[in-house]
Amino acid sequence: MKEVYNFSAGPGVLPQPVLKKVQKELLNYKNTGMSVMELSHRSLPFQNIIKETEELFRELLSIPDDYHVLFMQGGASLQFSMIPLNLLGPGEAADYIVTGSWSKKAVKEAGKIGEIRTILGNHTSIPSYTSQNEARYIHITSNNTIEGTRYAEWPDAGGVPLVADMSSHILSEKIDVSRFGLIYAGAQKNLGPSGVTVAIIHKDLIGKAPTSCPTMLNYETYAKHGSLFNTPPTFSIYVMKLVLEWVKENGGVDGMEDRNKKKAALLYDFIDNSTLFHNGVEAEYRSLMNIPFSTNNDDLNQCFLKEAETEGLQFLKGHRSVGGMRASLYNAMPYEGVKALVHFMKNFESKQK
Ligand SMILES: *Cc1c(COP(=O)(O)O)cnc(C)c1O
């Protein structure tokens with residue numbers, strides 16, 4: 001099989017050693033004679049899996065004890081609804097900082113439930129924000145997957161709970177969890193396969209939903225039952241555990257951050273010195289995970305994408321709302337993958353002269 005590098009924005013690349021372990025254990029998980037997929041979520045082996053997943057996650061992110069870790073389904077997109085359903089009482093308003101397509105979607109859903117005030121940013125930087133008028137919470141998209149921007153520093157929340165969609169960069173660099181009321185992420189970018197959505201939520205934000213809130217949309221249900229009120233996405237959680245073990249073996253979040261900075265620098269440095277490719281994001285707001293770039297000519301972009309694919313550089317097409325190209329350099333993307341991309345870009349550029 002030819003070597004392929006997967007630059008997809010999501011579901012994204014998974015570490016090879018993790019996939020090999022999944023393969024090895026697939027038919028017989030720890031001498032149960034069964035696959036993880038066939039294990040009851042009430043069985044001891046699965047209870048151990050979910051417990052160890054939570055413990056590892058807490059350890060890697062130094063999550064303080066007064067936070068719950070919840071495993072849910074429905075993706076980050078369901079969180080867009082769950083957050084206001086749980087947190088926004090009658091007469092209360094929330095502030096949403098809009099920095100891209102995903103923030104817009106979060107606003108759209110929250111607006112169906114309560115009063116939302118928006119602070120509008122652009123696609124090449126992050127607006128500054130200081131909380132002024134009583135907001136119930138402040139919502140941010142901490143890394144903008146489509147636009148390739150990320151926060152250089154967290155907004156000044158002034159004691160108001162900060163809620164962050166970290167889907168596309170959780171575990172990619174150190175964060176101080178105590179700055180947040182709620183952090184959430186769909187797993188399929190940096191944590192594991194699709195199917196599981198993780199939230200880190202301060203205990204003070206649990207149990208605030210109105211009694212009319214459906215059981216499965218209430219954070220309290222997950223917190224009370226250790227995310228085992230109903231059947232959780234067992235296989236996804238199992239793979240997430242293996243991904244977390246891989247992160248730990250590779251230097252933890254510090255190790256990831258180090259490697260991610262080197263990977264991103266390699267690509268940004270090349271783009272900034274290129275006469276063909278450009279990236280319009282202001283330097284301090286550049287994402288380490290999602291790097292959009294383009295030539296000035298759409299036919300040339302198409303040609304680039306086609307040739308890249310035959311070279312095994314996959315899923316480099318930019319989001320349809322932005323066009324051009326985008327390289328997603330999630331934790332599991334090896335440095336060699338970025339080197340191969342830059343090498344290809346160099347050759348492509350020299351052929352245009
Ligand atoms: C991918 C993504 C989403 C959507 O996630 P789903 O799990 O597909 O609902 C939301 N927010 C951000 C920042 C994303 O990158």
Side-chain angles (χ1 to χ4, degrees), residues 6-14 70-85 94 96-112 116 118 121-123 126-127 137-151 154-155 162-173 175 180 182-201 216-217 222 227 232-233 235-237 239-240 243 260 264 281 285-292 315-322 326-333:
N6 176 8
F7 293 94
S8 169
V13 54
L14 286 164
L70 311 179
F71 300 96
M72 294 170 281
Q73 303 195 49
S77 300
L78 187 60
Q79 296 302 308
F80 297 165
S81 307
M82 277 180 76
I83 290 158
L85 267 174
Y96 276 62
I97 306 182
V98 180
T99 49
S101 308
W102 289 115
S103 331
K104 269 192 208 134
K105 289 190 172 150
V107 167
K108 185 170 172 217
E109 292 309 308
K112 296 178 182 184
I116 303 303
T118 54
N122 58 30
H123 290 171
I126 299 286
Y137 63 88
I138 299 156
H139 181 278
I140 64 170
T141 312
S142 50
N143 182 75
N144 295 282
T145 324
I146 294 172
E147 295 76 13
T149 58
R150 73 123 153 58
Y151 281 75
W154 304 125
L162 189 58
V163 174
D165 178 356
M166 294 201 182
S167 293
S168 49
H169 76 154
I170 193 158
L171 283 191
S172 70
E173 51 185 330
I175 48 160
F180 298 87
L182 168 56
I183 292 168
Y184 64 98
Q188 67 274 17
K189 283 143 191 173
N190 242 350
L191 293 176
S194 61
V196 60
T197 308
V198 183
I200 304 166
I201 178 168
M216 288 304 294
L217 299 179
Y222 297 83
S227 302
F235 192 72
S236 302
I237 293 171
V239 181
M240 177 175 159
V243 170
N260 289 330
V281 177
Y285 302 113
R286 281 175 162 180
S287 170
L288 296 180
M289 294 283 98
N290 310 99
I291 306 185
F315 293 125
L316 280 165
K317 194 171 167 23
H319 190 268
R320 59 189 178 279
S321 64
V322 177
R326 169 179 52 178
S328 294
L329 312 182
Y330 295 127
N331 283 349
M333 170 59 64

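Along the sequence shown, residues are numbered consecutively beginning with 1. Values below: all heavy atoms of this structure, side chains included; hydrogens, waters and symmetry mates excluded. Whatever order the structure lists ligands and atoms in, that order sets their numbers, starting from 1.
Side-chain polar atoms of Asn290 and Ser328 form a donor-acceptor pair below 3.5 angstrom. No side-chain N or O of Asn190 forms a donor-acceptor pair with one of Ser172 less than 3.5 Å apart.
Under the 30°/60° scheme for interplanar angles, the aromatic rings of Phe180 and Trp154 are found to stand perpendicular. Using cut-offs of 30° and 60° for the angle between ring planes, the Phe80 and Tyr184 rings count as perpendicular.
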Quick one: table the atom pairs, ligand 1 N or O against protein N or O, below 3.5 Å, distance rounded to 0.1 Å.
residue  : atom   : partner : partner atom : Å
ligand 1 : 7 (O)  : Ala76   : N            : 3.0
ligand 1 : 7 (O)  : Gln188  : NE2          : 2.9
ligand 1 : 8 (O)  : Gln188  : NE2          : 3.4
ligand 1 : 9 (O)  : Ala76   : N            : 3.2
ligand 1 : 9 (O)  : Ser77   : N            : 2.8
ligand 1 : 9 (O)  : Ser77   : OG           : 2.6
ligand 1 : 11 (N) : Asp165  : OD2          : 2.6
ligand 1 : 15 (O) : Thr145  : OG1          : 2.4
ligand 1 : 15 (O) : Lys189  : NZ           : 2.7

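The minimum heavy-atom distance between Arg326 and Thr145, with the atom names listed, is NH1-O, 2.8 Å.
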Kindly indicate, with the supporting measurements, whether the criterion side chain to side chain donor-acceptor pair (under 3.5 Å) is fulfilled by His169 and Ser142.
CA-CA 8 Å; His169 76 154; Ser142 50; 2.8 Å; yes
